[in-house]
Structures are given as C-alpha cells and as structure tokens.
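Right, I'll just put the structure down here and ask away after.
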Amino acid sequence: MKKIQVLKPHYRINECLEQMKECLDIGWTGMGFKTVEFEDAWKEYTGLSNAHFINSATSGLHMAVKLLKEEYKWQDGDEIISTSFTFVSTNHAIKYENLTPVFADIDESLCLNPQEVKSKITNKTKAIMFVGLGGNSANLLEIIKIARDNNLKIILDAAHMAGSKIDSRHVGFDVDVTVFSFQAVKNLPTADGGMICFNDDTLDKKARQLSWLGINKDTFQRSNQGSYKWDYNVAEVGYKYHGNSIMASLGLVALKYLDEDNNYRKKIADEYIKNLDGKIQYIKHNDGTSRHVFQVLVENREEVIEFLTQNGIFPGVHYRDNMEYPPYKGELLKNVQYYSNRILSLPLHLEMNMDDVKFISEKLIEVSR
Ligand SMILES: Cc1ncc(COP(=O)(O)O)c(C=O)c1O
C-alpha cells in the first residue's frame, strides 16, 4: 500500500550536492561563505532589509524577544500578547526571557483575532507575537495597525511563511522582526535552520553577535582579511545560534524553486477544496499564502485518523492548545479549544500528485461525520 505522509521535503539532490561540494572543495562548511550568499539571496527575494541565517526559528524567536527586551528596557513580567494555538517554540521564546505570554483567542483563520488582541492590552503589554499559521497572513495587517496605535512592537513568527505574500509583497514588511523556519519539513527545508530579519540595522548587528557567543567578529571575517587574524573580543555571553554553509547550500537550491514549489502546494490545496467543498469544513487562507498545510475540521478526529492510517494516509495535528501543557496552564479560550479538538492537517507536499489528493479526499468523506 502506498504511504502518504502529512509533510515531506523534496530535495533537488544533484543541485544540493553541487552547492555542498563548493563548501567541501574550499574546506569551509561553517558560518560565512554560503551563509552570506544565502542571506543576500533571501534579502533579494523578500525585499527585507536584513537577514541573518540561524540554526532554527526557535533560536531566532528567542533572540527576537531578548534583543527587543534589552533595546526597549522591558522588565521581567512584562507581557507579550500571543496565541496558544501554535508550536510551543513561539511561547517558549517569551518565557526564556522571563516575560509573560498573554493568550488572545483566534478566529476562523486559526490566527489571532484582532478584537481579542485589543481586549488583552494592559499597561504591561510590550509586544504582539503573530503566528501566520500554515502560511496564512490572515489579519496580520490589522494586527500591525493595533500594535502601532498602541505603541507595541510586533514580532512575526513566520515559521510557515517562506514565500507568503500580501499583495505581491513578501511578508515581514512593517513589523519589527520576522523569524522564518527552514526546519526539515518546512516549505524551504535546510534540515534545520531559520532566518531572523530585523527592521532595525542595529538589532541585526546585535543578533549576529548574540548568535555567535557574543564574539564581535566572525571567523570568516577574520580569515578573509588577507591573513588569518586570531584576535577578537567577547562583548557578552551569547549563544551558538548561527547557521552553517552546508545548511545554506540546501537553502540556496530550495530558494531558487520556492515560488514554483509554493504554486504546486496551492494546486494541491485548490484540488482539496474542489473535492471537499460543501462536504468537509476546511480552513481558508488569504491569497498569496505559502500553503504550508491544508487543514480540515472533523468531529470524530480519532476515528478519522485511525481510518486514514489504515489506508496508508498519515495526517497531522497543527496544533494542540499550548494551555494543555503544564508550563502554559491557564483559562482556556473558546475558539482555541474548539479548533484544537477538531483540526486535522491533510497530507500536502511536493511528492504528491492529484490522484493522491483524490484518494485522500474520498477516504476523508467516507469516514467523516
Ligand atoms: C509556528 C512555529 N513556530 C516556530 C517553530 C520552530 O521552528 P524551528 O524548528 O526552526 O525551531 C515552528 C516549527 O515547527 C513552528 O511551527
């Protein structure tokens, strides 16, 4: 029986090997060389003014919160309005810095509901964390306006949003910092990895130092000055959060095909919609979405998962309400609870064809109620 996974990366293996070979030939696999090329290519593609390649979005979200906290002198216990309908990295980043995530409810997009966000603003609120779930920009523009009107910073968790656009503009504009994930099953997979894009050049510089243990000059810069310069200063106790040239090699190839791949994802999503419309409830996305996932709502989720699995189809759940986990226990939110108990991600990846979509749709209709 054919097995269809929920998410699966597709690599252009020969092109990836060619890129990696360049690193191996010159003996440079660390930060610098390909990471610089990848950062430049990402800036060119997104139109964002800064981009620093890092080892994960989790690291990036941590640095985003930490650097904003330092820059704007937030105190321990200050609040960031966030969503509990996300992967836990989003909210761990807030907790790492002794800040408090205050959860606002979501709407039918599975992203933050602007009215709910407004109702959570207090005199301790410093920022809003917006997650573009599945690549959907949802009400991001309205949330940005709320942030600006209330003098709050805005952090965009764009883990699912490589290639997501609003009116042809890549997401990340008009926010303080955007963090992308290039983890193994994301739209632009580099095994692990991410990009942190600060609007402010000074914060970009600080992120580079922080991601390299607080060292003020990276080894690539030092070895690029004619002869190797051993000397450097350690300005602070930083982290080892930067990306490397092998990961960047994979990223450069994937970036070349990102729009083409996202168009294929859209084709799969449109086919699901054609098959399921009027029969199964599904989550709608704004135009320009990267379509990281295709999500439906089912009442009998356990039964559906069991039946699909028996037929070689392996769906996923994105996500369980974070408030069900001990670090985030709190008063449950109505919509988060509702969606968290019903949501199901159907397989969506580049190695599927339209017959797979038809087969999955038929099986889903057969078992749903
Ligand atoms: C919404 C969201 N934020 C953050 C992350 C963390 O990404 P990474 O695995 O690159 O650390 C993920 C990963 O799945 C995610 O889905």
Side-chain angles (χ1 to χ4, degrees), residues 5-9 35 38 42 51-66 80-97 101 103-104 106 109-112 127-138 140 143 154-164 171-172 175 177-197 207 211 239-244 247-248 250-251 254 265 283 285 289-295 316-323 325 327-328 336 339-340 343 345 348-349:
Q5 300 295 337
V6 62
L7 303 168
K8 188 169 189 273
T35 63
F38 186 36
W42 187 251
H52 176 41
F53 184 46
I54 44 178
N55 61 10
S56 71
T58 306
S59 315
L61 289 164
H62 178 203
M63 287 199 292
V65 173
K66 183 177 175 64
I80 297 186
I81 297 175
S82 181
T83 173
S84 59
F85 198 82
T86 182
F87 187 61
V88 288
S89 297
T90 313
N91 294 315
H92 280 11
I94 300 171
K95 289 227 176 224
Y96 291 154
E97 288 302 312
F103 297 128
I106 56 174
S109 67
L110 308 182
C111 301
L112 286 175
I128 302 171
M129 173 80 84
F130 185 90
V131 179
L133 208 96
N136 192 5
S137 56
L140 175 60
I143 302 271
I154 177 135
I155 303 167
L156 177 58
D157 178 343
H160 302 175
M161 299 186 102
S164 277
V171 295
V175 304
V177 54
T178 308
V179 179
F180 297 93
S181 173
F182 303 145
Q183 178 265 345
V185 295
K186 297 297 191 294
N187 289 35
L188 193 159
T190 63
D192 252 323
M195 200 70 89
I196 182 165
C197 304
S211 71
Y239 302 88
K240 196 156 188 307
Y241 278 176
H242 62 81
N244 67 49
M247 292 148 74
L250 296 178
R265 288 174 178 278
I283 303 303
H285 281 205
T289 172
S290 62
R291 259 303 173 193
H292 178 55
V293 289
F294 185 87
Q295 293 167 290
V317 173
H318 301 98
Y319 291 93
R320 237 177 96 188
D321 182 358
N322 289 184
M323 282 200 268
Y325 304 126
Y328 296 103
V336 171
Y339 288 109
S340 175
I343 206 78
S345 300
L348 197 171
H349 55 75

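Bear in mind that the values here come from a model prediction, so they are computed numbers and not experimental data. Note: hydrogens, waters and symmetry copies are ignored here, and every other heavy atom, side chains too, is used. Ligands are counted one by one from 1 in listed order, and the atoms in each one are counted from 1 as well.
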Is Ser181 close to ligand 1, meaning an N/O of one under 3.5 Å from an N/O of the other?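 Looking only at distances, the answer is yes, because the N/O contact criterion of under 3.5 Å is met.
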
Please list the nearest protein heavy atom to atom 2 (C) of ligand 1 with its residue and the distance rounded to 0.1 Å.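 Among all protein heavy atoms, the one nearest atom 2 (C) of ligand 1 is Ala159 CB, 3.4 Å.
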
Note the single closest protein heavy atom to atom 3 (N) of ligand 1, along with its residue, its atom name and the distance in Å.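 The protein heavy atom lying closest is Asp157 OD2, 2.8 Å.
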
Check: His285 ring centre within less than 6.0 Å of Phe294 ring centre: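 They do not qualify: ring centres at least 6.0 Å apart.
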
For Asp192 and Ser56, does a side-chain donor sit closer than 3.5 Å to a side-chain acceptor?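 Side chains of Asp192 and Ser56: no pair found under 3.5 Å.
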
Can Tyr319 be said to touch ligand 1, with heavy atoms closer than 4.0 Å?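 Under 4.0 Å: yes for Tyr319.
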
Could you list which atoms of ligand 1 come closer than 4.0 Å to a heavy atom of His160?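 Per the distance check, 1 (C), 15 (C), 16 (O).
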
Short list, please: which atoms of ligand 1 are under 4.0 Å from a heavy atom of Val131?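 Counting from 1, the qualifying ligand atoms are 1 (C).
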
Taking all atoms of both residues into account, what is the closest heavy-atom pair of Ile54 and Met195, and its distance?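 Scanning both residues, the minimum pair turns out to be CG1-N, 3.9 Å.
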
Among Lys186, Gln183, Met195, whose heavy atom sits nearest atom 14 (O) of ligand 1?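 Minimum heavy-atom distance to atom 14 (O) of ligand 1 goes to Lys186.
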
Can the ring centroids of Tyr241 and Phe53 be said to lie less than 6.0 angstrom from one another?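 Between Tyr241 and Phe53, the centre distance exceeds or equals 6.0 Å.
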
So if I count the atoms of ligand 1 from 1 in the order they appear, which ones are less than 4.0 Å from some heavy atom of Thr90?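 What qualifies from ligand 1 is 3 (N).
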
Got an N/O contact under 3.5 Å between Thr86 and ligand 1?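 Min N/O separation from ligand 1 is not below 3.5 Å for Thr86.
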
Mind running side chain to side chain donor-acceptor pair (under 3.5 Å) on Ser109 and Asn136 for me, showing each step along the way? CA-CA 8 Å; Ser109 67; Asn136 192 5; 4.8 Å; no

State whether the shortest distance between N or O atoms of Leu61 and N or O atoms of ligand 1 falls below 3.5 angstrom.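 There is no such contact.
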
For His62 and Glu97, test the side chains for any donor-to-acceptor distance below 3.5 angstrom and give the result as yes or no.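 There is such a pair (donor and acceptor under 3.5 Å, judged by atom type) between the side chains of His62 and Glu97.
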
So is Gly193 close enough to ligand 1, meaning a heavy atom under 4.0 angstrom away?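 For ligand 1, residue contact (heavy atoms, under 4.0 Å) with Gly193 is present.
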
Identity and separation of the nearest protein heavy atom to atom 5 (C) of ligand 1: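 So the nearest neighbour among protein heavy atoms is Phe87 CD2, 3.8 Å.
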
Distance in Å, His160 NE2 paired with Leu133 CG, rounded so as to fall on 0.5 Å steps: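 The distance works out to 5.5 Å.
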
Pairing donors with acceptors under 3.5 angstrom, does anything connect the side chains of Ser211 and His52?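 Present: a donor and an acceptor within the cut-off.
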
Polar-atom distance check: Ser89 versus ligand 1, any N or O pair below 3.5 Å?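 No, Ser89 has no N/O under 3.5 Å of an N/O on ligand 1.
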
